[in-house]
2 protein chains.
Amino acid sequence: MMSKATQLLTPIKVQDSMEANKPDTATRILDVAERLFVEHGFEATSLRMITQQAEVNLAAVNYHFGSKDALFESVFMRRIGPFVAACLAELDTLEQSGQTLTAEQLVVSFIRPCLALSKDPARGGALFVRLMSRTLVENHRLLREALNQQYSIFVQRYTSAFQRALPQFGAEDIAWRMHFAFSVMFNAFAGNDVLKIFVRSQVVTARDPDMIVKHLVPFVVAGLTAPI
Amino acid sequence: MMSKATQLLTPIKVQDSMEANKPDTATRILDVAERLFVEHGFEATSLRMITQQAEVNLAAVNYHFGSKDALFESVFMRRIGPFVAACLAELDTLEQSGQTLTAEQLVVSFIRPCLALSKDPARGGALFVRLMSRTLVENHRLLREALNQQYSIFVQRYTSAFQRALPQFGAEDIAWRMHFAFSVMFNAFAGNDVLKIFVRSQVVTARDPDMIVKHLVPFVVAGLTAPI
DNA sequence: GTAAGTTTCAAACGCTTGTTCTAAAGTCAT
DNA sequence: ATGACTTTAGAACAAGCGTTTGAAACTTAC
């Protein structure tokens with residue numbers, strides 16, 4: 001297997017324009033695995049399902065990624081870095097303006113990257129948010145180990161930003177409200193409509209991202225800023 | 001296998017007080033399966049894990065329930081009926097008072113049964129709410145088929161109640177806000193803290209149900225009633 | 001053209017899965 | 001105690017799982 005450093009130095013291969021403009025093996029595996037992990041979950045997705053749909057050999061997964069666990073980690077890591085970076089960039093821009101930030105601005109700084117993600121199929125579209133919500137509820141090894149401290153800066157930055165935006169609340173109140181706020185935002189973009197447990201289809205099944213935002217922002221901001 | 005009708009007519013068996021006051025085979029399977037389905041998910045829970053922990057024979061699951069799928073359905077159905085009934089009973093009590101209901105009253109009418117569930121180990125404690133959130137994100141066959149229309153009364157009752165409590169909003173706005181409200185309430189009781197993706201432990205890990213409610217109600221009510 | 005390195009491929013490995021089968025054990029009314 | 005019925009028990013089943021192997025095919029550099 002090519003090392004990671006070697007990969008970066010390798011010149012980009014020009015594809016035969018005739019038959020295959022499809023991406024290379026590893027990328028095809030990542031794309032298919034991402035979709036199937038979201039649709040069926042980690043355990044219910046077999047390597048044979050992945051390799052068949054990606055049109056690669058069964059052994060290719062273990063060759064390129066080492067194991068099914070490592071494949072999941074690669075799928076997740078491919079997206080989370082750019083996503084967190086996008087959120088932090090939004091925060092940077094806001095804070096550089098010097099003005100006192102509102103809760104709404106902070107909410108939007110998180111929602112905007114979600115929205116961009118939802119509209120960009122090249123970055124997996126809305127799949128990654130759904131993958132995160134699945135990964136969360138499936139309580140993956142990945143979350144308890146590798147990932148845990150690596151992106152803690154995300155929560156730290158938002159926590160201190162919200163503490164400055166909502167100085168009337170104590171640290172514990174802020175933590176609770178952030179928990180609720182991010183919970184509803186994540187699930188909104190992931191399309192987890194709890195009420196669909198009880199009825200066949202809700203209005204949310206349309207899932208126009210702009211529509212989500214339009215209704216989501218007032219709800220979350222009101223919840224965050226409500227007097228105790 | 002005993003038919004369902006026969007089961008209801010069978011007199012309750014007096015247990016030997018000496019060694020086994022543990023419940024009968026089917027109940028023990030249901031209890032263990034409920035816990036393991038919540039902990040590991042449906043696919044990652046094997047019948048052998050269940051039967052070993054329940055201290056019953058492997059074949060007992062297929063004998064009493066027919067299949068693993070049917071076992072899951074039984075686990076779910078055992079809880080959902082009483083839960084929905086509790087919510088509707090709260091609604092009945094409120095509406096019989098004749099007064100105009102507030103959004104907060106409606107929120108509490110849902111939260112109170114969640115709270116009662118969380119505090120009653122005999123009814124699975126907080127497990128059932130977690131099971132629902134897992135079932136939702138795992139997109140189970142059960143939800144797409146059997147369950148779907150059976151408890152639609154739940155959503156109907158809350159929808160019309162919220163429409164009366166918040167007459168300033170249109171039907172679509174109500175639907176969106178209910179989607180958000182129930183999303184955050186479910187995830188709060190299920191303990192799904194999205195931010196724990198990024199940091200090791202949040203304040204929520206304590207999970208004192210009364211603490212959840214104290215912070216949850218103001219957030220949800222503010223979100224529901226916020227001007228558009 | 002040769003050799004070294006990289007990637008693909010088919011086949012097989014040992015293991016676990018849900019389910020089934022048949023016999024044994026237990027329960028209960030007559 | 002007999003016979004009908006219900007429940008438990010251990011063993012086995014075919015099928016699917018993640019992973020490994022070794023050779024073939026391809027690519028790249030000299």
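All values below come from the heavy atoms of this structure, side chains included, with hydrogens, waters and symmetry mates left out. A note on names: the letters A, B, ... follow the listed sequences, proteins ahead of strands, and every chain is numbered from 1.
Rounded to whole Å, atom C1' of C:dC13 lies 12 Å from atom CG of A:Leu58. As a whole-Å value, the separation of B:Glu43 CD from D:dC17 C1' is 12 Å. Rounded to whole Å, the distance from NZ on B:Lys68 to P on D:dG16 is 15 Å. A:Asn62 has its CG atom 5 Å from the P atom of D:dT19, to the nearest Å. Remark: P of C:dT7 and CG of A:Asp24 are 9 Å apart, rounded to the nearest angstrom. Residue A:Tyr63 contributes atom OH, which lies 4 Å from atom P of C:dT7 at whole-angstrom precision. The interatomic distance linking A:Leu47 (CG) with C:dT16 (C1') rounds to 15 Å, in whole Å. Distance CD (A:Gln52) to C1' (C:dC9): 15 Å, rounded to an integer number of Å.
Within 4.0 Å of B:Thr51, counting heavy atoms only, lies no atom of the nucleic acid at all. No contact: B:Ala60 has no heavy atom under 4.0 Å from any strand.
Positionally, the nearest nucleotide of DNA chain D for A:Met49 lies more toward the 5' end than for the other of A:Met49 and A:Ala59. Nearest-nucleotide assignment on DNA chain D puts the 5′-proximal partner with B:Arg28, out of B:Arg48 and B:Arg28.
Taking the ring centroids of A:Phe110 and A:Phe186, they lie under the 6.0 Å cut-off.
B:Arg177 places none of its side-chain heavy atoms less than 4.5 Å from the side chain of A:His215.
Contact check on A:Glu34 versus A:Arg78 returns a salt bridge, with a Lys/Arg side-chain nitrogen under 4.0 Å from an Asp/Glu carboxylate oxygen. For the pair B:Asp31 and B:Lys22, the salt-bridge criterion is not met [side-chain N within less than 4.0 Å of a carboxylate O].
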* Check the pair B:Gln53 / B:Arg28 against side chain to side chain donor-acceptor pair (under 3.5 Å), numbers first and verdict last. => CA-CA 9 Å; B:Gln53 294 199 27; B:Arg28 244 178 311 148; over 6 Å; no

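Here B:Ser46 reaches the OP1 or OP2 of C:dT17: one of its side-chain N or O atoms lies under 4.0 Å away. Contact between the side-chain N/O atoms of A:Thr25 and the OP1/OP2 oxygens of C:dT8 is found at a separation under 4.0 Å. Residue A:His64 places none of its side-chain N or O atoms closer than 4.0 Å to OP1 or OP2 of C:dT6. Within the structure, every side-chain polar atom (N or O) of B:Asn57 is placed at least 4.0 Å from both OP1 and OP2 of D:dT7.
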